[in-house]
Amino acid sequence: MKELIDSKGLGYRELNGHIRKILGLSSSDSGNRYAGMEILLKNVCGQRYIGCGLKGDHKISIEGVPGNDLAAFMDGPIIEVFENGQDGIGNTMNSGKVIIHGDTGDIVGYSMRGGEIYIEGSAGFRCGIHMKAYKKKTPVIIIGGSAGDYLGEYMAGGIIILLSLRRKGVDKVFGTGTNRAGYHIGSGMHGGTIYIRGKVEEYKLGRDVIIDEPKGSDIDILYEYIGNYCNFFSADASSIKVEDFIKLIPFSHRPYKKLYTY
Amino acid sequence: MEFGSIRLRQESNRYSQEYFSRYRIPSGCAIFGMMDQSGGRFNGSQVIDGIALMHERSNGLGGGFAGYGIYPQYKDDWAFHIIYDGPEARCLTEEKLSSNFRILFSEEIPTREVKGIENPPMIYRYFLKPADFAYSITSGRHSIKANTYQKILNDNERFKIMEEDFIVSFVMEVNSGHNGSYIISSGKNMGIFKGVGFPEDIGNFFKLETYRGHLWISHGRFPTNTIGWWGGSHPFGLLNWSVVHNGEISSYGTNRRFVSGFGYKCVLSTDTEVITYLFDLIVRKQNIDPGILHLILSPPLWDEIERMSEDEMKLAKILRILYGGALINGPFSIITATNEYMYALNDRCKLRPLVAAKKSDFLFISSEEAPIKLICPHPDIVWHPGGGEPVIGRLNKNSAIDHKEKIVEDILNRM
């Protein structure tokens, strides 16, 4: 079933209330009454917490700039944004997909524990801060353009892929070289993997990561997510070569063990 | 409209303590700025719309606006906005004004009653010319020190600096005088409107839709680490400067000591005030181009400096060493404005949000992107400035990015 909400002038409480109503949810329960709902939100402008805590196989499409903490605690749905996103996308997200046709602000995937975030353009600072993985849950963030400083800061698990693509007249350049990451990559990182397209200068790395070469299962992972990226954003997959990537892994799984007794 | 005679500070202090004992309001500051770089003037309603959209970032304890180009009929005279605790304070300060200035025009600033704005103080504005004798006898003890850095000035420039220094010392004197008067705005052809409440209510209260300016900045929430009171809301102003700030300054003590050596008194018991004085000291008095100001306020780390080209490195080192006490540490994003430009800067780790956008002659700077898109749905370019990366919009120069190389060359020649 398809539904449309004109979000013009709505506060975030009203808008999220409408969404929950369409999904047959009362304010107290997060279970599902309906399945496979599709909702189109028109004229969104800065409303926060869209998709917060939602479960199920629904799809929410957003026209306009959604506010902070988009898809926070989300568990299952797909959210597609046809504009730029703001800060805190996928905050502590559990599963589902977020697809952003544009750039995003800071702390994308903050404490994310599962699901996938696809960013067509560039991500702000601290993308993937404190992401974590557990058993079968592995969160993934794919960034098409550049990433700001502190990519994967305090990362404890999951996957970040930076494609370092350029779009005409839109992208800002962070740093130099072919890669498009900022400084202090993976500082405080103690789990998970970051893949970056392009050679990364040693001084850009945080002191907690080492450079490795993608091989075996890494290649499969890269093919899968690059394929998805190109699919979602109609990008040319042939220009992204798997052999151009480097892999960053943490130096230690307990970088601060000397500071704490247990 | 009638004003009760209230003790401004105590009253609002009690108010905010009550407020906090009942519940904590989670919020982060909102800052928003908008400028027509071609100098075209527009009224304040769009800026109110922009800051109102970030309502969740505010908490009702402070809001304010600064508008530039709003008093063209008095563009060469000093425009003071003064808030008074009561009629007594007004008498005392007006006496002081008339003995130092020629008062060309004065009036109560027109306001309207707005739900949510309680207990406003008395708010007056004055258009002033300094009496000739006033600044010729003010030695400007901090002016001499600063001017030694500058190339020899001609008489006009010297005169201008003397006059400005006189205004600074007059404002410092009144604001630290504890007689219940606070000069919240003291520039030319600009004005600051601020108070306790949500910014959209404050904007409405002051009827900002009736003013037209080429540059507006605004703020929601209240000065961090301080009680919310009318004089303590943002923007902070001195001369033509106004500053709005999201964040807090951990280096406040150091910065305060640094500016106090040049005669600036930090009297408003808040951290943002010191940023205003840093701008005044470094840009106005010491004539440092805003294009390299980020190398002082939010400089690159030493290891980044080591990787710069030789000229850049030399400059960055000189500035870090000379201006160590002006480095602002801690999370912040600020927008500073003066009649000629709007300037935005983040701390070097970007711990507070900042987004900028350009649409032909218009430059927008905001805490969030949505307010920009509300006012201008299709900007030419939107970007997220990095940590320590400034955004500068100059009047009559359609570029938000400076000619950095030229400035580097200039400054090295000067050193």
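Letters A, B, ... are given to chains in the order of the sequence lines, protein chains preceding strands, and every chain is numbered from 1.
Per-residue heavy-atom pair counts under 4.5 Å with chain B were compared for A:Cys45, A:Gly46, A:Gly11, and the maximum is reached by A:Cys45. Note: B:Cys349 leads B:Cys349, B:Pro371, B:Pro353 in heavy-atom pairs under 4.5 Å with chain A.
Of all residues in residues 59-68 of chain A, those placing a non-hydrogen atom less than 4.5 angstrom from a non-hydrogen atom of chain B are A:Val65, A:Asn68.
Within 6.0 Å of OH on B:Tyr341 lie more than 12 heavy atoms contributed by other residues, nucleotides or ligands. Counting non-hydrogen atoms of other residues, nucleotides and ligands closer than 6.0 Å to CZ of A:Phe233 gives a total above 12. Other residues, nucleotides and ligands contribute at most 12 non-hydrogen atoms within 6.0 Å of the OH atom of A:Tyr110. Few gaps surround CZ on A:Arg126; more than 12 heavy atoms of other groups in view lie less than 6.0 Å from it. Around CZ of A:Arg13, the count of heavy atoms belonging to other residues, nucleotides or ligands within 6.0 Å does not exceed 12.
By the 4.5 Å heavy-atom criterion applied to side chains, B:Val382 and A:Asn84 are counted as neighbours. Here the side chains of B:Arg352 and A:Asp106 are not in contact, with every heavy-atom distance at 4.5 Å or above.
For the pair A:Asp149 and B:Lys350, the salt-bridge criterion is not met [side-chain N within less than 4.0 Å of a carboxylate O].
Here CG of A:Asp87 is found 10.0 Å from CD of B:Glu369. Values are rounded to the nearest 0.5 Å. Distance check, rounded to the nearest 0.5 Å: CD of A:Gln86 to OG of B:Ser367 gives 9.5 Å. Atoms OH and CG, on A:Tyr183 and B:Asp303 in that order, are 8.5 Å from each other to the nearest 0.5 Å.
Heavy-atom distances place no part of B:Leu354 under 4.5 Å from chain A, backbone and side chain included. Of the atoms belonging to A:Gln47, not a single heavy atom falls under 4.5 Å from chain B. Only the side chain of B:Leu53 comes within less than 4.5 Å of a heavy atom of chain A; its backbone N, CA, C and O stay farther away.
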> Could you walk me through whether A:Arg48 and B:Glu368 pass the salt bridge (charged side-chain N to carboxylate O under 4.0 Å, His left out) check?
Replying inline: CA-CA 11 Å; A:Arg48 297 181 170 203; B:Glu368 293 180 13; 3.0 Å; yes

